[in-house]
Amino acid sequence: MDKGPAVNGKGNLISLDEKTWEEVQNQDKNFVISAVVTSEEGTLLKDMTDNTAFPVITGYNIYKNYIKLASVPASVLQYTNKNVKPGIYNYSVSALYDKNESSLATASTDIQVSIENITAINKVNIAPTAFREQVRIINYQQVKSVEIYASDGKMVQKTDYPSEWIHTSTISQGIYFFRIYTNKEVKTIRGIKQ
């Protein structure tokens, strides 16, 4: 325990079931408590000595209809399930913390896949949306111009008839908006320079 003041949402939370967290009332200090629970016979039921209040996410498991499709590192924030047959699917994801896995969180419910949705493949987009040195323009052949705006509304970069990759090494870290012009539409996509 430290002298405080308590950091809301960090050192003033308690969980008795490892799933739900509650704020400790009338406590103005930060604390970390670990426990070992045993039976009356002294048999170890659950060792919590290696648990931390806020463990680091090491990856994610992706599920389709509750069947694991893939495990991806924590740096991967998008996943594409390719060659999906027509039907209705439920997608969910869990977070990995070293050897532990969180409960499944619904990523999307009742996704209907059909032949009509194939036209979406030709849509213009950027990847990744969390980027460092460069951003890929998906279906760049359709793009007439790309403008990149900082969160304050100032245009920081413009590229006419871009190639597949736009170099972003000169842009500072922060939130940006990519305004993409095609013959059919003007699309704005949010991105984060890390």
Side-chain angles (χ1 to χ4, degrees), residues 2 4-13 15 20-21 23 28 30 32 52-63 69-82 91-98 100-109 111 117 119-194:
D2 67 12
V7 178
N8 253 349
K10 295 286 183 183
N12 65 341
L13 298 176
S15 174
T20 56
W21 290 89
E23 189 175 311
D28 199 26
N30 298 295
V32 175
T52 59
F54 299 95
V56 175
I57 295 175
T58 57
Y60 301 98
N61 283 338
I62 315 295
Y63 294 86
L69 290 175
S71 292
V72 297
S75 60
V76 174
L77 301 178
Q78 294 181 0
Y79 178 80
T80 301
N81 185 200
K82 297 180 180 179
Y91 287 90
S92 52
V93 64
S94 66
L96 300 174
Y97 307 93
D98 295 322
N100 300 316
E101 181 176 7
S102 73
S103 300
L104 292 178
T106 301
S108 196
T109 59
I111 301 296
N117 291 341
T119 57
I121 293 172
N122 296 324
K123 296 273 185 189
V124 172
N125 210 339
I126 66 167
T129 54
F131 58 93
R132 293 184 193 275
E133 300 297 314
Q134 58 187 4
V135 174
R136 180 175 173 238
I137 306 294
I138 298 169
N139 293 313
Y140 69 94
Q141 302 89 338
Q142 300 173 34
V143 177
K144 293 170 60 176
S145 179
V146 176
E147 298 171 346
I148 304 174
Y149 291 87
S151 58
D152 64 1
K154 180 181 176 186
M155 184 170 40
V156 295
Q157 188 172 328
K158 180 179 179 179
T159 307
D160 292 324
Y161 299 99
S163 62
E164 184 175 7
W165 295 94
I166 292 182
H167 295 280
T168 55
S169 57
T170 58
I171 297 175
S172 302
Q173 290 183 344
I175 297 174
Y176 292 90
F177 297 91
F178 292 74
R179 185 166 294 156
I180 302 174
Y181 296 85
T182 70
N183 285 331
K184 297 180 181 180
E185 66 180 341
V186 177
K187 187 173 189 175
T188 303
I189 303 169
R190 181 177 169 260
I192 300 172
K193 169 74 184 275
Q194 298 177 329

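- Residues Arg179 and Val186 form a side-chain contact, since some pair of their non-hydrogen atoms from C-beta on lies under 4.5 Å apart.
- Residue pairs meeting the side chain to side chain donor-acceptor pair (under 3.5 Å) criterion with at least one member in residues 144-163, sequence neighbours excluded, are Ser145-Asp160, Glu147-Tyr149, Glu147-Tyr181.
- When side chains are defined from C-beta on, Tyr176 does not count as touching Thr168, because their heavy atoms never get closer than 4.5 Å.
- Of all heavy-atom pairs between Leu104 and Ser94, the closest is CD2-CB, 3.8 Å.
- With a 4.5 Å cut-off on side-chain heavy atoms, Val146 and Ile166 count as touching.
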Test side-chain contact (heavy atoms from CB on, under 4.5 Å) applied to Thr129 and Phe178, step by step: CA-CA 10 Å; Thr129 54; Phe178 292 74; over 6 Å; no
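- Remark: Ala70 pairs with Tyr79 by the side-chain contact (heavy atoms from CB on, under 4.5 Å) rule, at least two apart or across chains.
- Between the side chain of Lys193 and the main chain of Ala130, no donor-acceptor pair closer than 3.5 Å is present.
- For the atom pair Asn125 CG and Ile189 CD1, the distance stands at 4.0 Å (nearest 0.5 Å).
- Judged purely by atom type and a 3.5 angstrom limit, Tyr140 has no side-chain atom pairing as donor or acceptor with the backbone of Arg136.
- The closest side-chain heavy-atom distance from Ile148 to Ile171 is below 4.5 Å.
- Using modelled atom types, one side-chain atom of Thr58 and one backbone atom of Leu96 make a donor-acceptor pair closer than 3.5 Å.
- Residue pairs meeting the salt bridge (Lys or Arg N to Asp or Glu O under 4.0 Å) criterion with at least one member in residues 126-135: none, sequence neighbours excluded.
- Panel note: side chain Asn139, backbone Lys123; a donor-acceptor pair is recorded below 3.5 Å.
- Between the OG1 atom of Thr80 and the CG atom of Leu69 there is a distance of 11.5 Å, given to the nearest 0.5 Å.
- A side-chain donor-acceptor contact under 3.5 Å links Thr182 to the backbone of Glu185.
- Considering only heavy atoms from C-beta on, Phe131 stays 4.5 Å or farther from Ile192 through its side chain.
- Using a 4.5 Å heavy-atom cutoff, the side chains of Asn61 and Val93 are not in contact.
- Between Ile137 and Ile126, the closest side-chain pair of non-hydrogen atoms falls below 4.5 Å.
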